[in-house]
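Sequence lines set the chain letters: A, B, ... in the order given, protein chains first and strands last, and positions in each chain run from 1. What's counted below: heavy atoms across the whole structure, side chains too, no hydrogens, waters or symmetry copies.
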2 protein chains.
Amino acid sequence: MTDRRTQIVDEARALLEEAGPDGLTMRSLAARLGIQAPSLYKHVASKDELEVLLITEALREQGAAMHAAIDGLPRRSARRSTLTTLGAAYRTWAAAHPHLYRLATGGPLPRASLPEGLEAWAAQPLVRAAGSEARARAAWAFAHGMTILELDGRFPPGADLAQAWAAGIAALS
Amino acid sequence: MTDRRTQIVDEARALLEEAGPDGLTMRSLAARLGIQAPSLYKHVASKDELEVLLITEALREQGAAMHAAIDGLPRRSARRSTLTTLGAAYRTWAAAHPHLYRLATGGPLPRASLPEGLEAWAAQPLVRAAGSEARARAAWAFAHGMTILELDGRFPPGADLAQAWAAGIAALS
DNA sequence: GTCTATAGTGGGATAGAC
DNA sequence: GTCTATCCCACTATAGAC
């Protein structure tokens, strides 16, 4: 017996992944749950609130994936192998949940509505691995750029992206 | 006497920059021109066509800015100073036209509708400076990532972005 | 080249009954 | 907790007169 609100978020997530951001509407979400759209508002204040819940889930999950990735590494690994591992984890998570990734990284972060400390916790593995805040931000920009350009189909068809990832990570190590 | 179509594109661009992608509607574009929305369709086939025209303008302009940036450099400059110059030009152009940059870089490129060779020409300065395709793509991903994360307000308030740019460029040089 | 009128579609959200 | 009925909004686009 999961509670209704949780059920709504789960279904919203499934709908988002299937239909993309534009496909996530209160009407079709309700339809999936077998109810009418107005009924959703008894459980969720607005579509915005629903999106914040999805973003929160995304940060928690991707953060967990990043933490898990470095936990599996031997202590005192070379920076390069740590960054390679983190990069792979980042890319893998995004590829597995492209629309959720997009929702969570496009547009301003609703920091005020997020659980406190979540953003910093999710960023922590990369900050530690990079060696400085500036380098961590550069590495994040690289990873996000590669990811979003790939998701958006901006690279020329046939481009060797594994090589581009490797080149960026080697440079940033 | 600029022709009507050109005038429409110019006004669309101004509207885009003022109101963002969601503010660019055929209705308000028409209103700015002092005509009714349906009249626009005598000059432009659809909103999609209009957007393709805007994207083309963006690629031409940013490409020109990048070409101009390296033209001003002494021959045989160090890779690092070339990349620094290109990075600054990239960031500057995007900051001056944030919504146009977003329109031109978000979502798939409508390659089939673009003037032939435009994409490659715009990318040329970076490809030459980076030394290989893989490094050029990594550098592009870094630059786009920095730019879009900054435009979207994703970096923590107060983050020193100049330092992050410098760190990334130093690494990629 | 512009107009009016309008079609057609979709969205978020509320009120009030049950 | 769900329903029906409905509001109000906005959009792209077409037809046909002037």
Side-chain angles (χ1 to χ4, degrees), chain A residues 1-58 99-100 102-104 106-110 112-113, chain B residues 1-58 99-100 102-104 106-110 112-113:
Chain A
M1 285 305 288
T2 58
D3 103 306
R4 200 61 163 142
R5 189 174 155 96
T6 304
Q7 199 183 342
I8 287 172
V9 175
D10 289 350
E11 204 65 38
R13 180 171 172 172
L15 175 56
L16 171 66
E17 284 305 351
E18 284 171 31
D22 291 348
L24 178 57
T25 70
M26 297 304 266
R27 280 160 151 74
S28 57
L29 173 57
R32 284 176 77 106
L33 290 158
I35 61 177
Q36 299 298 315
S39 306
L40 291 170
Y41 293 87
K42 297 289 184 181
H43 306 278
V44 155
S46 66
K47 193 185 179 185
D48 274 359
E49 191 196 36
L50 184 56
E51 288 182 348
V52 168
L53 294 174
L54 288 171
I55 293 171
T56 301
E57 250 193 48
H99 288 304
L100 185 56
R102 221 186 278 275
L103 178 70
L109 241 205
S113 315
Chain B
M1 284 304 288
T2 57
D3 102 309
R4 201 63 164 139
R5 188 174 155 96
T6 305
Q7 199 182 343
I8 287 173
V9 175
D10 289 350
E11 205 65 39
R13 181 171 170 172
L15 175 56
L16 172 65
E17 283 306 351
E18 285 170 30
D22 290 348
L24 177 57
T25 70
M26 298 304 265
R27 278 154 153 61
S28 56
L29 173 56
R32 284 177 77 106
L33 290 158
I35 62 177
Q36 299 299 316
S39 305
L40 291 170
Y41 292 88
K42 297 288 185 180
H43 307 279
V44 154
S46 65
K47 193 185 180 186
D48 273 359
E49 191 197 35
L50 184 56
E51 287 182 348
V52 168
L53 294 173
L54 289 170
I55 292 171
T56 302
E57 249 193 49
H99 288 305
L100 186 55
R102 222 187 278 273
L103 179 69
L109 241 205
S113 315

(request) On DNA chain C, reading 5' to 3', which nucleotide is the first and which the last to sit with an atom under 4.0 Å from a heavy atom of chain B, could you check? (result) C/dG1 to C/dA5
(request) Report yes if some heavy atom in the side chain of B/R5 is under 4.5 Å from a heavy atom in the side chain of B/L53; otherwise report no. (result) yes
(request) Look up atom CZ in A/R102 and atom CG in A/L16, then write down how far apart they are to the nearest 0.5 Å. (result) 10.0 Å
(request) Could you tell me which non-hydrogen atom of B/R4 sits nearest to which non-hydrogen atom of B/I35, and how far apart they are? (result) NH2-CG2, 3.4 Å
May I have the list of side-chain donor-acceptor pairs in residues 36-46 of chain B shorter than 3.5 Å, sequence neighbours left out?
from  : atom 1 : to    : atom 2 : distance (Å)
B/S39 : OG     : B/Q36 : O      : 3.4
B/S46 : OG     : B/D48 : N      : 3.4
B/S46 : OG     : B/E49 : N      : 3.2

(request) With a 4.0 Å heavy-atom cut-off, tell me which residues in residues 19-48 of chain A come close to DNA chain D, sorted by residue number. (result) A/G34, A/I35, A/Q36, A/P38, A/S39, A/K42, A/H43
(request) For residues A/D10 and A/T2, determine if any side-chain heavy atom of one lies less than 4.5 Å from a side-chain heavy atom of the other. (result) no
(message) To the nearest 0.5 Å, what is the distance between CG on A/L100 and CG on A/L54?
(response) 6.5 Å
(message) Enumerate the side-chain hydrogen bond (donor to acceptor under 3.5 Å, both in side chains) contacts for residues 12-28 of chain B, please, sequence neighbours excluded, ordered by first and then second residue.
(response) B/R13-B/E57, B/R13-B/E61, B/E18-B/R32, B/T25-B/S28
